[in-house]
Every structure is written in structure tokens, then in C-alpha cells.
Amino acid sequence: MVHSDIVVEMQHVRKEFGSAVAVNDLSFQVNEGEIVGLLGANGAGKTTSIHMLLGLITPTSGSIRLFGKDLERNRVEILEKTNFASAYQFLPWNLKVWENLFVFAEIYRVKHGRKRINDLLEMFELTHMRDRITGALSAGEQTRVNLCKALLNKPRLLLLDEPTASLDPDQADKVRKIIAALQKETGMTVINTSHNMIDVHELCGRILFMQNGRVTAEGNAEEIMRQYGSASLEEVFIRIARTPVLEKLEHELATN
Ligand SMILES: Nc1ncnc2c1ncn2[C@@H]1O[C@H](COP(=O)(O)OP(=O)(O)OP(=O)(O)O)[C@@H](O)[C@H]1O
Ligand SMILES: [Mg+2]
């Protein structure tokens, strides 16, 4: 694969849950080696998009290609090279940390699995917790175990859904540095959803702002801040999130 190869390609993807439209005509591409931030207000469609990229849910319409192949028809091959972590989805609660990671290492047929697990536990400062029951860990500890799981198979595509949401500032900083260093070392592609603008600034070379299930702004942090005349990404986020509501209110005021 050369650097400009497209790893993720969503084309006109739509996802309906009953009468609700979670993702609406979503199209974007991610090149190999990019770290892209998927941002947007609560309910914008970020997690739904990630779940579709993982094949956990099927789009109502549109197409998803990963590594140049159709996801639906090449699911196993694609998912072997992909992994995922979220601050909100936990591994089986009743297994020990080590057991959980071992099960996933077996599923992914990780070479030298035991060493890989030990290295990852060390990296995320969890070695002393290897024999603890996963469900008895704190939220931030479980999030870091999830990150170990997500890196077991040395994924070429890493999908992160708010990976630092439950982490204290010190651990969040360490996790950002680990992800950045691993990306540099391996050239993996990362899609990262976050409400933490420090994550976005530090990690993401490109940002996709989602609103009501579509991408409504795109660029690197500086470009987007310039485009919106804002001094911070936080300000841009708030402006984008509030714009349609303000427009609606103005319209209602004008017509009443
Ligand atoms: N299984 C489901 N059934 C019905 N509606 C759903 C389902 N999953 C998601 N939705 C709806 O789809 C929309 C998008 O949800 P999604 O979880 O993708 O948002 P998000 O951008 O990840 O938000 P957050 O920042 O809160 O995590 C929301 O309005 C949500 O209520
Ligand atoms: Mg979400």
C-alpha cells in the first residue's frame, strides 16, 4: 500500500432506526496513515458510523469499502486487520483482565500472544491488574484494558469511540501519546471520536464534523478555526452544534 491509498470509504451511507434517521447521506474517505477525528454533538451519528464500519450494524443504504474492498462481502478479511475500543463498551465482566485479553488474542490468532498481552499491559500501566476481575476495575482502568484489546492484533485500522472519555488528565495524556507513537511506528489508520478538544488538537490531522448524520465541516484544526473565525475548536464545536437550532428559532420568531 502506498501512502495515499484509501483505507476507509463511506459513500452515501444512511442508517435508519425505525422512523429515526441516525446517519443521513454520509460520505467521506480516510487515507492510510491518517488520524481522523469524527466530531459532533450528542446524537450526531458518530457511534452509529463506527458500528457500521465494524459491520456490527448494516447500513440501510449506501456503501462501505475498507482497504479497497466491500465490507459486507469481505467482512472476515477486513475485520482481521481492524480493531476497536470505546469508553462505553466493556469486555466480559466476570473474566480476569488476563483471561479477557487471552481470549481475544486467540480469536485474532495473535503470534506470541502472551508476550503481546504483557507488553500492552505494561504500556497502559495495568500489569498489576492482570489477575483482577475485569468488572471490578474502575471505568478508566476498564477503558485502558479495552485499549489493550484493541491493539492486540496490531490493527491496520483502529476505530476509537471516545477512548479518553473516562480517563483522568494524566492517563488521557499518556493514552494520546501511546496512540500517536504507535501510529507513527506502524503507519496504522485511526478514526477517533471525541468530545475532548485536546485529543483532537493533539492527535487528529483532519477533522470531520458531523451534524444530523452528515459531515458539515472538514479540515485540520487550524483550517476549521479560521473558517469559523473562532479562536478555539471548542468554540467552533458549539457554533456548529447550535447553528440549526438558532436558525430554527429565528425563523419561528420571524414567522410569529
Ligand atoms: N439502536 C438504536 N435505536 C434507535 N435509535 C438509535 C439507535 N442507535 C442510535 N440511535 C439514534 O441515532 C442517533 C445517533 O446516535 P449515535 O449513538 O450515533 O450518536 P453519537 O454521535 O455517537 O452521540 P454521542 O456523542 O452522544 O455518543 C441518535 O439520535 C440516537 O438516539
Ligand atoms: Mg457516541
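Counting starts at 1 for both ligands and their atoms, in listed order.
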Identify, for [atom], the protein heavy atom at the shortest distance, and state residue, atom and that distance.
atom: atom 12 (O) of ligand 1; answer: A22 CB, 3.1 Å
atom: atom 4 (C) of ligand 1; answer: F17 CB, 3.3 Å
atom: atom 16 (P) of ligand 1; answer: T48 OG1, 3.5 Å

Can you name the atoms of ligand 1, numbered from 1 with element, that are less than 4.0 Å from a heavy atom of T47?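 Atoms satisfying the 4.0 Å criterion: 17 (O), 18 (O), 20 (P), 22 (O), 27 (O).
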
Can you list the ligand 1 atoms lying under 4.0 Å from a non-hydrogen atom of H195?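 Once the distances to H195 are compared, the set is 25 (O).
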
Is there a polar contact, in the sense of an N or O pair closer than 3.5 Å, between [X] and ligand 1?
X: G45; result: yes
X: A44; result: yes
X: G43; result: yes
X: N42; result: yes

Do Q89 and H51 pass the side-chain hydrogen bond (donor to acceptor under 3.5 Å, both in side chains) test, and can you show the C-alpha distance, the side-chain angles, and the key distance before you say yes or no? CA-CA 12 Å; Q89 285 168 4; H51 286 175; 3.1 Å; yes

Is_contact(atom 1 (N) of ligand 1), protein non-hydrogen, under 4.0 Å: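 So far as the 4.0 Å threshold goes, atom 1 (N) of ligand 1 is in reach of a protein heavy atom.
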
Quick one: does atom 30 (C) of ligand 1 have a protein heavy atom under 4.0 Å from it?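 Under 4.0 Å from atom 30 (C) of ligand 1, zero protein heavy atoms found.
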
Taking atom CG of D170 and atom CD of E125, what is their separation to the nearest 0.5 Å?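 CD of E125 is found 7.0 Å from CG of D170.
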
Point-to-point distance, once rounded to the nearest 0.5 Å, from CD of Q29 to CD of E9: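 Output value for this atom pair is 4.5 Å.
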
How about T47: does one of its N, O or S atoms come closer than 2.8 Å to the Mg ion (ligand 2)?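 Looking at T47, which is the residue asked about, there is an N, O or S atom under 2.8 Å from the Mg ion (ligand 2).
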
Among L101, N100, I107, whose side-chain contact (heavy atoms from CB on, under 4.5 Å) with V103 holds?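 With V103 as partner, side-chain contact (heavy atoms from CB on, under 4.5 Å) holds for just one option, I107.
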
Centre of F124's six-membered ring, under 6.0 Å away, within 45 degrees of the axis: is that where NZ or CZ of K174 sits?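 Not satisfied by the 6.0 Å and 45° rule.
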
For [X] and [Y], work out which heavy atoms get closest and say how close.
X: T58; Y: K15; answer: O-NZ, 2.7 Å
X: N153; Y: E80; answer: ND2-O, 3.0 Å
X: L26; Y: G213; answer: CB-O, 3.7 Å

Cluster check V36, I64: I/L/V/M/F/W/Y, side chain < 4.5 angstrom: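 Cluster IDs for V36 and I64 match.
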
Check the pair E77 / R75 against salt bridge (charged side-chain N to carboxylate O under 4.0 Å, His left out), numbers first and verdict last. CA-CA 6 Å; E77 182 191 337; R75 207 162 168 268; over 6 Å; no

Does some non-hydrogen atom of E162 fall short of 4.0 Å from ligand 1?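 Right, E162 reaches ligand 1.
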
Min heavy-atom dist M210 to ligand 1 below 4.0 Å: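 No heavy atom of M210 comes that close to ligand 1.
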
Relative to ligand 1, is A41 under 4.0 angstrom through side chain, backbone, both or neither, heavy atoms considered?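 It is the backbone that gets close, since no side chain atom is under 4.0 Å.
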
